[in-house]
Protein chains: 2
Amino acid sequence: MGRKRVTLADVASAAGVSGTTASLVLSGRGDELRISPTVQQRVREASAALGYRPNIVSIGLRNGSSRTLGFVSDTVATSQLAGDMIKGALETARAHGFMLFIGETEGDPELERQLLDAMLDRQVDGIVLASMFTRTRPLPSGLDQVPAILLNALPEQRTTSIPAVIPDELTAGRAAAQLLLDAGHRSVHLVGAGPGEHDVPPGTVAGVERLAGIRETLHAAGLELASGHLASEWEPRVGWEATHRLLEEWGPGQAIITLNDRLAFGAYQAIQEARLTVPGDVSVVSFDDAPLAQWLRPGLTTFAIPHHDLGRRAVELLVEQIGADGATTGTSSEPVHRVSMPLRERGSVAQRR
Amino acid sequence: MGRKRVTLADVASAAGVSGTTASLVLSGRGDELRISPTVQQRVREASAALGYRPNIVSIGLRNGSSRTLGFVSDTVATSQLAGDMIKGALETARAHGFMLFIGETEGDPELERQLLDAMLDRQVDGIVLASMFTRTRPLPSGLDQVPAILLNALPEQRTTSIPAVIPDELTAGRAAAQLLLDAGHRSVHLVGAGPGEHDVPPGTVAGVERLAGIRETLHAAGLELASGHLASEWEPRVGWEATHRLLEEWGPGQAIITLNDRLAFGAYQAIQEARLTVPGDVSVVSFDDAPLAQWLRPGLTTFAIPHHDLGRRAVELLVEQIGADGATTGTSSEPVHRVSMPLRERGSVAQRR
DNA sequence: TAGCCGGGCTAAGCCGATTTAGCACCCGTC
DNA sequence: GACGGGTGCTAAATCGGCTTAGCCCGGCTA
């Protein structure tokens, strides 16, 4: 510890040249500025011998960039899914030579302010404002100082020019319904929302769009949802209750769409307790592709939230915006980028008997 | 975008004073250096009016600190548990005025090198080297440049002076066995390792210590493990297989310790398929306290990995080391810090009939 | 022999702060 | 009226790198 870092000045004096010369050589402009091969060689050797690494902080101070991004999310820990999003962001950032500051707000606007300030104080080149479940949200001030992007969230005021990256929930909703129709099902139940267009937990983009996609596709086939079960908490207990009641009322032979995998887990438990089986007696389709989905028996067929891709895409767009160096503000053409939700077929859907 | 940041010079010229004066006033040394109240007032007003915020990068360049820590882990995403560890680290860092760079190595030493370099290049004040499951690991070079700490990992060479923070697995192992003994059980089975002292998946500290604690406590009661099931992958499928076979051989009335919650999940499935119940026919105790554990019916009794506390403790120790400012190296007395694993009693253990 | 050109390198300023050393002024004193 | 001693503020150096402008020297031309 405490061994001081090697600076450019150290390299220069070791090579017997000025700092300027050392800088030119090491930044590859040696030939351009006609430094003799002998000297270049000497500088490079000294640099290697001392293990010189440029101080990025200093460079950043000079040219006003830090090769650093801020990633502010409302929650990292509660959702196991979030990790993938961060991972996608981290990998992409690294690939472009950026490091990421991570911050968590717990949904507290005051804390969010503090984190943003702390990041801006550290001269981040851009900000990713992430949400762990898709929702609309107000924008904090200060985002006009640097390029910014919304991840898994939409701006509450649509007047803003900040781009957003979200999963393509609408298309996934359509596909979920179509999957059941293709398997011959005509009695489709929804757990988590519905049956009406507006029966949706407040503030969730996912709920609204998935429901809309499902209803749209059913309508196109001349059908309506057989039942719906609006719930503000999409937890296993709720899935169990809804399914328990649903089976009592309708009996076997149903197709169920659960709005996330935890609801599906509860549905499985209720189906099992009713001495019925998935998918023989009841078909289940879900959303999210939580790790849980592949542990269930049989595996749960579900539309994955493309967390990794979302994180990647957000950082890509941000880096692009930064690369433009603030010169042309109009680099970002499309304000909302939708990332498709891939289907994981695992065996919880069967052809209607 | 692109509205340039307000600098100290801006404040100074707005207040009609020198940069020196502005700096002194804003850093609270105004009285000490006899700046008149009038001028102090003017500076403060100018600062507030312009919304001045000091550039931490610049300050860092001057005094050689960045108020920034690096957090390098092998994996963030795969384990939902990891999030809590990072969260604990983030919160604690913030509380001490630090921001965190997060990096993920995927277990690749080359990538780890690059990440460490990228962080050191950005002048981090300290490094947390984290592992998502407890293990021994070699130390990369360069950790002698700044204070560092191992999180959920132990140094392979015990000669090092780098402190480590790990869960107290041994004590938890003892407590798990004791819990079953107290419930009157005498036939205790282990899934994931055992029955012998050395029947442990290679490289896992958790496996070794949990097994040792379990065996030790059973021995003290004059017992041995009734059976063990060594497995290198602690996944639901394995738990199902082991439990399925175990029930065929031993019948109901057993007590099972699974070495993690995914194994327990598989055990539940096997027990359910054998038309037996938890905890009436079989008691189950586990480790980790994954989210899954509270979703199971009945809830799983398990010893929680204290991820949040681990993250917190690691950063606390690191900040302490940094606070000492490299002056006295011997601030860290104890090299290995053990964090206790709390029991979550949920109802998967019953008194022996 | 003066002037010009180009090769090969360096001095000095800058980024945004902190900090040390010290300047200019006023008042009182001998 | 020179000197001493506060008072109230500022110039300049520093951190570590980049960058512009320009220096010095030798050879060639007029």
Side-chain angles (χ1 to χ4, degrees), chain A residues 4-44 46-47 50-68 120-125 145 325, chain B residues 4-44 46-47 50-68 120-125 145 325:
Chain A
K4 241 191 62 193
R5 280 186 68 108
V6 177
T7 72
L8 184 63
D10 296 332
V11 174
S13 78
V17 297
S18 72
T20 307
T21 303
S23 171
L24 292 174
V25 170
L26 294 178
S27 62
R29 311 208 306 142
D31 289 330
E32 180 190 340
L33 274 131
R34 308 167 312 217
I35 308 293
S36 70
T38 328
V39 169
Q40 294 208 27
Q41 175 71 2
R42 245 189 307 143
V43 170
R44 271 191 258 275
S47 167
L50 297 176
Y52 170 70
R53 310 212 90 225
N55 180 336
I56 295 194
V57 169
S58 166
I59 297 176
L61 178 61
R62 179 90 221 288
N63 64 14
S65 86
S66 60
R67 308 300 288 170
T68 288
L120 291 172
D121 289 350
R122 285 171 178 76
Q123 311 295 110
V124 293
D125 293 333
Q145 292 186 23
D325 238 347
Chain B
K4 239 191 61 189
R5 279 185 68 107
V6 177
T7 72
L8 184 64
D10 297 331
V11 174
S13 78
V17 298
S18 73
T20 307
T21 304
S23 172
L24 292 175
V25 171
L26 296 178
S27 62
R29 311 210 304 143
D31 289 331
E32 180 190 340
L33 274 131
R34 306 168 314 218
I35 309 292
S36 71
T38 329
V39 169
Q40 294 209 28
Q41 175 72 2
R42 244 191 306 145
V43 170
R44 271 191 258 275
S47 167
L50 296 177
Y52 169 70
R53 310 213 90 226
N55 181 336
I56 294 194
V57 169
S58 166
I59 296 176
L61 177 61
R62 181 92 219 292
N63 65 12
S65 87
S66 59
R67 308 301 289 172
T68 289
L120 292 172
D121 288 352
R122 285 172 178 76
Q123 310 296 111
V124 294
D125 293 334
Q145 293 187 22
D325 238 346

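All chains are named by letter (A, B, ...) in the order of the sequence lines, taking the proteins before the strands, and each is independently numbered beginning at 1. Values below: every heavy atom of this structure, side chains too, minus hydrogens, waters and symmetry copies.
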Along DNA chain D (nearest heavy atom to each residue), the more 5'-positioned of B/T21 and A/V6: B/T21
Whole-Å distance separating the CD atom of B/Q41 from the P atom of D/dG8: 16 Å
Rounded interatomic separation in angstrom, taking CG from A/D121 and P from C/dC15: 20 Å
Closest listed nucleotide, where the reference is the side chain of A/R34 and the choices are C/dG7, D/dC9, C/dA17: C/dG7
Shortest non-hydrogen separation from A/L26 to A/L8 and the atoms involved: CD1-CD1, 4.0 Å
B/I56 CD1 to C/dG16 C1', straight-line distance once rounded to whole Å: 13 Å
Selected nucleotide, minimal atom distance to B/Y52 side chain, candidates C/dA17, D/dG17, D/dT7: C/dA17
Nearest-Å distance for atom pair CD1/C1', residues B/I59 and C/dC15: 14 Å
CA sep, side-chain torsions, deciding dist, call: B/S23, B/T20, side chain to side chain donor-acceptor pair (under 3.5 Å): CA-CA 5 Å; B/S23 172; B/T20 307; over 6 Å; no
Interatomic distance where CG belongs to B/D31 and P belongs to D/dC9 [whole Å]: 12 Å
Check: B/R122 side chain, A/R67 main-chain N or O, donor-acceptor pair, under 3.5 Å: yes
Nearest-nucleotide comparison on DNA chain C, the residue closer to the 5′ end among A/R62 and A/V39: A/V39
Sugar-phosphate only, base, or nothing, as touched by B/S23 at under 4.0 Å among non-hydrogen atoms: base
Phosphate OP1/OP2 of D/dT10: any B/S18 side-chain N/O under 4.0 Å: yes
Distance in angstrom units between B/L33 CG and D/dT10 P, rounded: 13 Å
5′-ward residue of the pair B/P54/B/R29 relative to DNA chain C: B/P54
Short side-chain N/O contact to C/dC15 OP1/OP2 from B/S58, under 4.0 Å: no
Sugar-phosphate, base or nothing in reach of A/V17, heavy atoms under 4.0 Å: sugar-phosphate
Whole angstrom value for the distance that separates C1' of D/dG17 from CG of A/N63: 10 Å
Which nucleotide in D/dG16, C/dC9, D/dA13 has an atom nearest any side-chain atom of A/L61: D/dG16
Selection from D/dT19, D/dA13, D/dC9 that lies nearest to any side-chain heavy atom of B/S36: D/dC9
Heavy-atom closest pair, residues B/V39 and B/V17: CG1-CG1, 3.8 Å
Given C/dA17, D/dG17, D/dC9, the nucleotide with the shortest approach to the side chain of B/I35: D/dC9
Distance-only donor-acceptor test, B/T20 side-chain atoms vs C/dT19 base atoms, 3.5 Å: yes
Closest non-hydrogen atom pair, A/L61 against B/N55: CD1-ND2, 4.4 Å
Sugar-phosphate only, base, or nothing, as touched by A/T7 at under 4.0 Å among non-hydrogen atoms: sugar-phosphate
Whole-Å distance separating the CG atom of A/D10 from the P atom of D/dC15: 11 Å
B/T68 side-chain N/O to B/S66 backbone N/O, donor-acceptor pair under 3.5 Å: yes
